[in-house]
Amino acid sequence: MKSFKIRGGLGDSAVVKSDVKLQDNLYLAINSKWLQHAEIPADRPMIGGFTELDIKIKKQLLQDFDNFASNDKALPKIANLDKAVRLYQLALDFKQRDADGARPIQADLQKLTSLKNFSDFDKHAVNLVKGALAFPFTINTDVGNYQDSSADELLAIFEKQSVDLLKLAGFNENDSKKYAANAIKFDKLLAKYKKSQEELNDIAGIYNPYSLSDFKAAFSNLNIEQLLNDLLPNLPEKVIVIEPKFLQHINKLLNPDNFEELKSWLVVTFINQYAIYLSQEFREAAFTYDHAVYGAKELKSQAQHAYGIANNILGEVIGLYYGQTYFGPKAKADVEQMIRKILATYKARLQTNDWLTPFTQKQALKKLNAITLKIGYPDKLSDLYDQIQVSSDKSLYENIIAANQTKIIHNFNQLNEPIDRTLWGADLPANEINAGYNPTNNDITFPAGILQKPFYSLDNTLSENLGGIGAVIGHEITHAFDPNGSKFDEVGNIRNWWSDEDYAKFNELSQSEVTLFDGIICGGIKTNGNLTVGENVADLGGLTAAVETAKKENGNLQEVFQSWAKIWRGKMTPQVRKTLIAYDPHAPRELRTNVTAQSIDDFYTAFDIKPGDGMWLDPEKRVHIW
């Protein structure tokens, strides 16, 4: 077990004291008063800077949607926003949803339960995929971490939830139990050949090209050629396999002998995926497993639930409305200016880097200079949203499954289309409180949602903004040079642009970052430095760039570090703490604050930190990469 000098404790189990000195614990010194008074909302598993902002934005947009729905506010001329409002209205109509009960899913459920044998499954495989029902060719197919000590308990909860949902759908007790038990059996079989979360975090590791002939040859039971012909506009020359072990054992998974388990898995996956679009009774029954995993005490309100459904299907459209309405050109120009300053700092640091050889340094600068900026909200959206239709004459479920089917067909059709690098992507709409680096596009995205307090404000000093959104900007830039992003070149291709000597040194430095974080006890749980190394490298690079930029601008370094600590404040349930430490590539926020700051020499001079202080880390243990 790793021993740390940091005083005051780490994690929610710590006794929060307001008199903790910053020299002993940066995180608690800045956030202890907030932690003493902050309460986790009953319908959420955590509260913090990100969550508070999410609550604020959703409250804002919920009010707008209510006004749109009641015609108290005119719809702005944003394409497809009317569909989002219509979907919100359908989701909010619980009188109709409760009256419908399980009726909306019966026809699709019948497609699954009527499968007679493996040959029948094979025959209908394309309809299962295109119909957005269920199919085992997915990522994260397991319902739990079977290596975790609480796996049996969680699986039992999931199994009972599945039984309850199936009974609500009209199955008798015995059939419900049989389907649920067989589904668990099949899912455990899938989990045997699934990558660990650490392996899945290696983005370049998912790129495993197979020739089409080799890919097809792996299948003995499923008619993969027919499936591909029916799904794809044209057959590709090669197929990228994310999980090679899964493909190598595909015939153990898909065969006539375990058809009943496969069928049960399809039925149980379907009912758990779509239950939340049915009645309130279904929605409550589907909450059990999420409660066990994340710890939220109660369901979100029906209005928040309805907004969430609209946002899930048409989030980019809603985000565009949010960005155009609530994010101004003055803030956008200010943020862009800050990004340019941090990029200039990064360039200078690469040029004076003391461990890169000239060859690799030139390639790194080339990549840095090619990074595309996406700030606030996009100029245009995918034509997918023109294709999605929302009908008031159909049930909520019918609209949702039709939208999912449209997305699937659209994605398949995109295989023949040139990549449009100007599109943002559905994972970072403008109303999202997040930021991102895309290694395949070499771009950084900062949605309007995160460009406000506590991360950024026009009213803040430059130093305060640098410690908040500035460090986040530097974090996303650093992802271009973290253990993942470093495997992609300036145009987003997987290509080794490093000299062997430099790459060996980079791996050595990254391993030092693994060692620094690995095994720390946070909230009573041991952290995994290998799981979080990419994000830790990005945090270190981001805060370093923010500090260096502040120094160039004659800023206040104390404000930079104080702002950095403030954006990571948070409280969470023990359940979500355990889940995040097991799966999240980000370290716990207490460690992101404290351990990152400990590696930056200017932190010690800014606050006169000396040996013996809790935040002191011996110089030889401090990690410096970018």
Lys263: salt bridge (Lys or Arg N to Asp or Glu O under 4.0 Å) partners, not counting sequence neighbours: none
Contacts of Lys111 that satisfy salt bridge (Lys or Arg N to Asp or Glu O under 4.0 Å) - sequence neighbours left out: Asp108
Strictly distance-based, threshold 3.5 Å: is any side-chain N or O of [X] a donor or acceptor partner for the main-chain N or O of [Y]?
| X | Y | value |
| --- | --- | --- |
| Asp122 | Asn223 | yes |
| Asp43 | Ala296 | no |
| Gln304 | Ser301 | yes |
| Asp584 | Thr579 | no |
| Asp187 | Ala183 | no |
| Lys195 | Asn201 | no |
| Asn251 | Ala218 | yes |
| Asp98 | Gln280 | yes |
| Arg97 | Ala91 | yes |
| Glu261 | Asn182 | no |

Where at least one partner belongs to residues 390-411, residue pairs that pass ring-ring contact (aromatic ring centres under 6.0 Å, His included), sequence neighbours excluded: Tyr274-Tyr397
ring-ring contact (aromatic ring centres under 6.0 Å, His included) contacts in which one or both residues fall within residues 190-211, not counting sequence neighbours: Tyr193-His249
Any chance you could measure [X], atom [atom1], to [Y], atom [atom2], to the nearest 0.5 Å?
| X | Y | atom1 | atom2 | answer |
| --- | --- | --- | --- | --- |
| Leu62 | Leu92 | CG | CG | 9.0 Å |
| Asn404 | Lys130 | CG | NZ | 16.0 Å |
| Asn441 | Asp420 | CG | CG | 9.5 Å |
| Leu115 | Leu128 | CG | CG | 6.0 Å |
| Lys374 | Asp443 | NZ | CG | 4.0 Å |
| Ile318 | Ile313 | CD1 | CD1 | 10.0 Å |

Within a reach of under 6.0 Å around [atom1] of [X], are more than 12 heavy atoms found that belong to other residues, nucleotides or ligands?
| X | atom1 | answer |
| --- | --- | --- |
| Glu237 | CD | no |
| Lys407 | NZ | yes |
| Glu281 | CD | no |
| Lys394 | NZ | no |
| Lys160 | NZ | no |

Glu198: partners by side chain to side chain donor-acceptor pair (under 3.5 Å), with sequence neighbours left out: Asn528
Check whether the side chains of [X] and [Y] place a donor and an acceptor atom closer than 3.5 Å, and report yes or no.
| X | Y | answer |
| --- | --- | --- |
| Glu535 | His479 | yes |
| Ser395 | Glu398 | yes |
| Ser211 | Asp214 | yes |
| Asp93 | Gln89 | no |
| Asn413 | Glu417 | no |
| Asp66 | Tyr88 | yes |

Over 60° means perpendicular and under 30° means parallel, so classify the ring planes of [Y] and [X], tilted if in between.
| X | Y | value |
| --- | --- | --- |
| His305 | Phe94 | tilted |
| Phe135 | Phe121 | parallel |
| Phe215 | Phe219 | perpendicular |

For the residue pair [X] and [Y], what are the closest heavy atoms and their distance?
| X | Y | result |
| --- | --- | --- |
| Leu165 | Phe282 | O-CE2, 3.6 Å |
| Gln405 | Gly131 | NE2-O, 3.0 Å |
| Leu212 | Leu228 | CD1-CD1, 3.9 Å |
| Ala292 | Gln575 | O-CG, 3.5 Å |

Are the side chains of [Y] and [X] in contact, using a 4.5 Å heavy-atom criterion?
| X | Y | result |
| --- | --- | --- |
| Thr532 | Pro585 | no |
| Leu231 | Val126 | yes |
| Leu266 | Leu133 | no |
| Ile224 | Ile250 | no |
| Leu262 | Pro136 | yes |
| Asp383 | Gln387 | yes |

Audit row: Val267, Thr113, side-chain contact (heavy atoms from CB on, under 4.5 Å) steps and yes/no: CA-CA 7 Å; Val267 171; Thr113 57; 4.1 Å; yes
Step-by-step side-chain contact (heavy atoms from CB on, under 4.5 Å) determination, Ile203 to Phe488: CA-CA 10 Å; Ile203 301 174; Phe488 295 79; 3.7 Å; yes
Asn431 vs Asn311, side-chain contact (heavy atoms from CB on, under 4.5 Å): CA-CA, chis, key distance, verdict: CA-CA 10 Å; Asn431 56 332; Asn311 194 60; 3.0 Å; yes
May I have the list of side-chain donor-acceptor pairs in residues 72-87 shorter than 3.5 Å, sequence neighbours left out?
{"residue": "Asp72", "atom": "OD2", "partner": "Ser70", "partner atom": "OG", "Å": "3.0"}
{"residue": "Lys73", "atom": "NZ", "partner": "Asp64", "partner atom": "OD1", "Å": "3.1"}
{"residue": "Lys73", "atom": "NZ", "partner": "Tyr321", "partner atom": "OH", "Å": "3.3"}
{"residue": "Asn80", "atom": "OD1", "partner": "Lys83", "partner atom": "NZ", "Å": "2.9"}
{"residue": "Asn80", "atom": "ND2", "partner": "Tyr385", "partner atom": "O", "Å": "3.4"}
{"residue": "Asn80", "atom": "ND2", "partner": "Asp386", "partner atom": "OD1", "Å": "2.9"}
{"residue": "Lys83", "atom": "NZ", "partner": "Tyr385", "partner atom": "O", "Å": "2.8"}
{"residue": "Lys83", "atom": "NZ", "partner": "Asp386", "partner atom": "O", "Å": "3.2"}
{"residue": "Lys83", "atom": "NZ", "partner": "Ile388", "partner atom": "O", "Å": "2.6"}
{"residue": "Arg86", "atom": "NE", "partner": "Val390", "partner atom": "O", "Å": "3.0"}
{"residue": "Arg86", "atom": "NH2", "partner": "Val390", "partner atom": "O", "Å": "3.3"}

Residues Lys167, Glu173: salt bridge by 4.0 Å N-O rule: yes
SB check Asp54 Arg44 (cutoff 4.0 Å): yes
Test side-chain contact (heavy atoms from CB on, under 4.5 Å) applied to Asn117 and Asp120, step by step: CA-CA 5 Å; Asn117 49 43; Asp120 204 22; 3.4 Å; yes
Close aromatic pair by centroid cut-off 6.0 Å: Tyr179 and Phe171: yes
